[in-house]
Structure formats: C-alpha cells, structure tokens
Amino acid sequence: MKQMNNPYKLAYHIEPATGLLNDPNGLIKFKDTFYFFHQWNRFSTDHSYKEWGLFTSNDMVHWSNHGSAIIPDRDIDMNGVYSGSAVEHDEKMYLYYTGNVKKDMKRKSYQCISISEDGRTFIKQANAIETPDEYTENFRDPKVWKGTKNWWMIVGAQTKELKGAVALFSSENLLEWNYENILHDVGLDNMCECPDLISINEDIDILLCCPQKIAEVGSTTQVSSYSAFLAGKFNEDSQSFHTDMYLELMDQGFDFYAPQTFMDNQGRRIVVAWMSRMTDEEELLCPTNKLFNYLHCLTLPRVLTWEDNMLKQKPITELKKLRKKKEQYDLPENTFELESGHFEIHLIRTHTHSDFDIQLRNKAITINYNSKNQVLFVERENWVSHKREYKSKQVNQLKSLQLYSDNSTIEIFINDGESVFSMRYFTQEDDLTVHYKGLKQGEILNYFPF
Ligand code: FRU
C-alpha cells in the first residue's frame, strides 16, 4: 500500500509520532545533552491519559524521540503524570511532576520526585508534597530552581476562595519541602497553571503564569486560559514577589501555552511552549489528527532577554544551520515560489513607517502592517469554520520581520523579538506561492529554503 504523504509533518519542531502532546516538561541541559520532556498521551489523541515523553538533542534543532520516560504506575500518580520541571544536582537529574489522582470523581494532587543519573532510567522517590490546607486540589506544575541559600519550588494553585495563586516552597536537600506562603495571587483568575520564575537581569525577575477561568455554564464547565508574564522582583528574604505591572501576553498568535524556561550552559535563558490553544472541536478536526492520528507540537526554543523595558524572545541562533541557501528580493512588489513548506523569511526595514503585506502559501497565512494605525495583523484560515480569523498587535514601527515555517507551523518574530505570533496552519502541499508588496528602495527580503 502506498503511504499517504503527510504535508503537515514538521522537520525541526518536536511533535509526537502518535497520540497527543501538550506542555513541555523538565527542560534541561544535562551532561552535554538537551533533554526536553513533554506531556504525552501515547494511546490516543485526547486528554484522558498523561505521562512524560522524552526527546533529546545536541543542538535543539535535530531531535531524537525516546518515547516514554515517566508513566503513571503508583497510587500517587495513577491518573496522570502531569507537568513539572528539572534541575541538576550532584550530577543527577531531579525531576518534579504532579501526580494526579481521581477517586470517586474527586481530584487529589501530589508533587512527586523522580531522579535519574543517566537520563534514561528514572527512579521515583517516596517523598511527595501534599496540598497545603489553604488550597483546593487544583494544585500542580512544580517549577524548581536554586536560590542563594536554598532550593525554591513554585506550584500553580487555586485558593479555597477559588482564586488563582502561585504557592512557594523551600528545601535544603531537594527531597523534603516546606510550604512557605502565597507568592502571587493578583489577576490570576480562578487557577494558575504552569508558573515559572526567572531572573532576567540583576534588577528584574519575570513571573510566567497561565491564568485559567473556570465558569459553570448550565450543566457544563467552560475553561479558558492564556499565557502571560509579569516583570517584578523576587525577594528571597521576605519570600515575596513585588510588581507594579499588569499581566502581559507572552505571545500574540493563536497557539501558545504552558511555556517553561531553562538556563543552558552558555547562560542563555530559553523558553519553549506548547504550540496549541485549540478548542476540542479544533483538536478533533485537526488534519494531523484526522488523517495521521497525532496532535500538537512544541514551539521553537527562544532566548529570553530584557531590552528597552521589554521582554524579548529571539529564535536560537542554532536555527541558522537549517539555511540551505539564500535568495534575495528587492522589487517593491513580487511573487515567488517556495521550494517547500520549510523555510525562513527575514526582512529588515529602513522605512519603518510604511505599509507592508505578505501572503504566504497561497494566502494560508497573511501578514499585514498598517502604518497609519500602527497595527500588525496576522490572518489564517480556520480548519473547522473555514473562515478567516486574525490576531493583531500595536506595533509603532515595523523594523524587522523574521518568520519560520515548518509545513504546518509559523512563528513570526517582530522587531527582533518584541512581539511573536505563533500558530498552526493547514494548507495544501502545492500551496507554495508567496506574494508581497510594500518593499521600499534599499530594502531586501531574504528567503532561506530549508
Ligand atoms: C496545562 C496543563 C497543566 C497540567 C497538564 C496536564 O496545559 O493543564 O496544568 O499539568 O496540562 O496535561
């Protein structure tokens, strides 16, 4: 039988061979290798089962899939090995995850520990954290890091008043943990998923969080959530996080959630997220699911920096190795054919206050900068409704646009990472036309086929 060609297959992003992938977990550089674990249902493309799958890499561009790493197999994690993080200590990898237990329709959560010396065998530990009294059992996604005097852990939480919160724990030895206090609980809706706290420079710490709204509509529960950040300062002595800021979106596109960061051995702070915010219907009808029985992927790794009072996200420079050659376009308006759906386009503008339009893959994705209103629009066709839908962001000047397409993903970096739009798109294999207009004299559009 002829194998059906898969026009959505990704070449340089992490996606599962089968089943459903969600959050990145336990991101770490350990003994010269990058370990990216992830939430995985290896049995089907719904959310009924969760374990940790594992991919490794030497460069974060080419990946090896190792399949299952941590599976639900004991009383305190029998209904799911949920999200968590990793740290290295004494040449061992310490992995923290939430053990999800559902008994008689009631949820219970345990923050669990697993240790690995070789990155292949994972030994679950007896120690586990039970939920402190002031929270409901919506308590998950431990993120651990080394402080100046001890280890810290934050956990995404819901208070008994049904407010979103971030809970803080401390430890001397990575195995026994003490609950300290609520680190943050402003603007986090009804629950906070996947918190992360990082130092971005000497003065500024960034709290990443995913506030979740839970509403009972008739007899159904509706859940909506998004990924956001706050810049502020974590005070280790008073165990508090101070900020004057409101939550800001991490990403402007359709598909970005549950980001996690880690520090690599070059001192880069790298963030990776789950590239999906699909509704149940979108998941069901997603072409990779319908035709090929797998769903979702992770974003590209991006370096986080704080510049000009902004959190910037830049694609890792290792991605340059994917460039096979460079083609340059300088006409004000032009149409050209891509070699395939895997490519990069990079434009640096000198006329930052003028309109620019680009249509990719026969309008599967259109990007439009309206200089009068100073707004950037990104539009795609929805695969369920077949209607056009768009996202937009105020952009005062369009200084640069860099985009990575991997057949059915696109990540658009505006002004050197000031804003990013991440999303899936599904098109025909032969939709390879690019049309642009609005290039000014002296400007060059660079096309890199991969
Ligand atoms: C976020 C999340 C986490 C949880 C995991 C379960 O997408 O809901 O809070 O640990 O997914 O797969």
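These values consider heavy atoms only, across backbone and side chains, with no hydrogens, waters or symmetry-generated copies. For ligands, and for the atoms within them, numbers begin at 1 and follow the listed sequence.
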**Fill in**
For Ser83, the atoms of ligand 1 under 4.0 Å from one of its heavy atoms are 5 (C), 10 (O)
**Prompt:** For ligand 1, which atoms, with element, lie under 4.0 Å from some heavy atom of Tyr257?
**Reply:** 1 (C), 7 (O)
**Prompt:** Asn22: heavy atom below 4.0 Å from ligand 1, yes or no?
**Reply:** yes
**Message:** Using modelled atom types and a 3.5 Å cut-off, is there a donor and acceptor pairing between side-chain atoms of Glu180 and backbone atoms of Gln239?
**Reply:** no
**Request:** Answer yes if the ring centres of Tyr135 and Tyr179 are under 6.0 angstrom apart, and no otherwise.
**Result:** yes
**Item:** Residue that, paired with Trp152, satisfies ring-ring contact (aromatic ring centres under 6.0 Å, His included) out of Tyr96, Phe234, Trp177, Phe169
**Value:** Phe234
**Message:** Between the side chains of Arg302 and Asp251, is the shortest nitrogen-to-carboxylate-oxygen separation below 4.0 Å, so that they form an ion pair?
**Reply:** yes
**Prompt:** Does Phe254 have Arg380 sitting over its ring (NZ/CZ under 6.0 Å from centre, angle to axis within 45°)?
**Reply:** yes
**Prompt:** Parallel, tilted or perpendicular: which describes the rings of Phe34 and Phe262, with under 30° parallel and over 60° perpendicular?
**Reply:** perpendicular
**Request:** Please confirm whether Arg140 comes within less than 3.5 Å of ligand 1 when only nitrogen or oxygen atoms on both sides are compared.
**Result:** yes
**Message:** Can you name the atoms of ligand 1, numbered from 1 with element, that are less than 4.0 Å from a heavy atom of Lys50?
**Reply:** 12 (O)
**Message:** Show me which atoms of ligand 1 lie under 4.0 Å from any heavy atom of Asp141.
**Reply:** 3 (C), 4 (C), 9 (O), 10 (O)
**Asked** Quick one: which of Trp274, Tyr257, Trp40, Tyr8 gives a ring-ring contact (aromatic ring centres under 6.0 Å, His included) with His296?
**Response** Trp274
**Prompt:** Hey, which atoms in ligand 1 end up nearer than 4.0 Å to a heavy atom of Tyr82?
**Reply:** 4 (C), 6 (C), 10 (O)
**Message:** Only heavy atoms of Gln39, strictly under 4.0 Å: list the atoms of ligand 1 that pass.
**Reply:** 5 (C), 6 (C), 12 (O)
**Prompt:** Is there at least one pair of N or O atoms, one from Glu193 and one from ligand 1, spaced under 3.5 Å apart?
**Reply:** yes
**Request:** Out of Thr98, Asp23, Val81, Val223, indicate the one that has the non-hydrogen atom closest to atom 5 (C) of ligand 1.
**Result:** Asp23
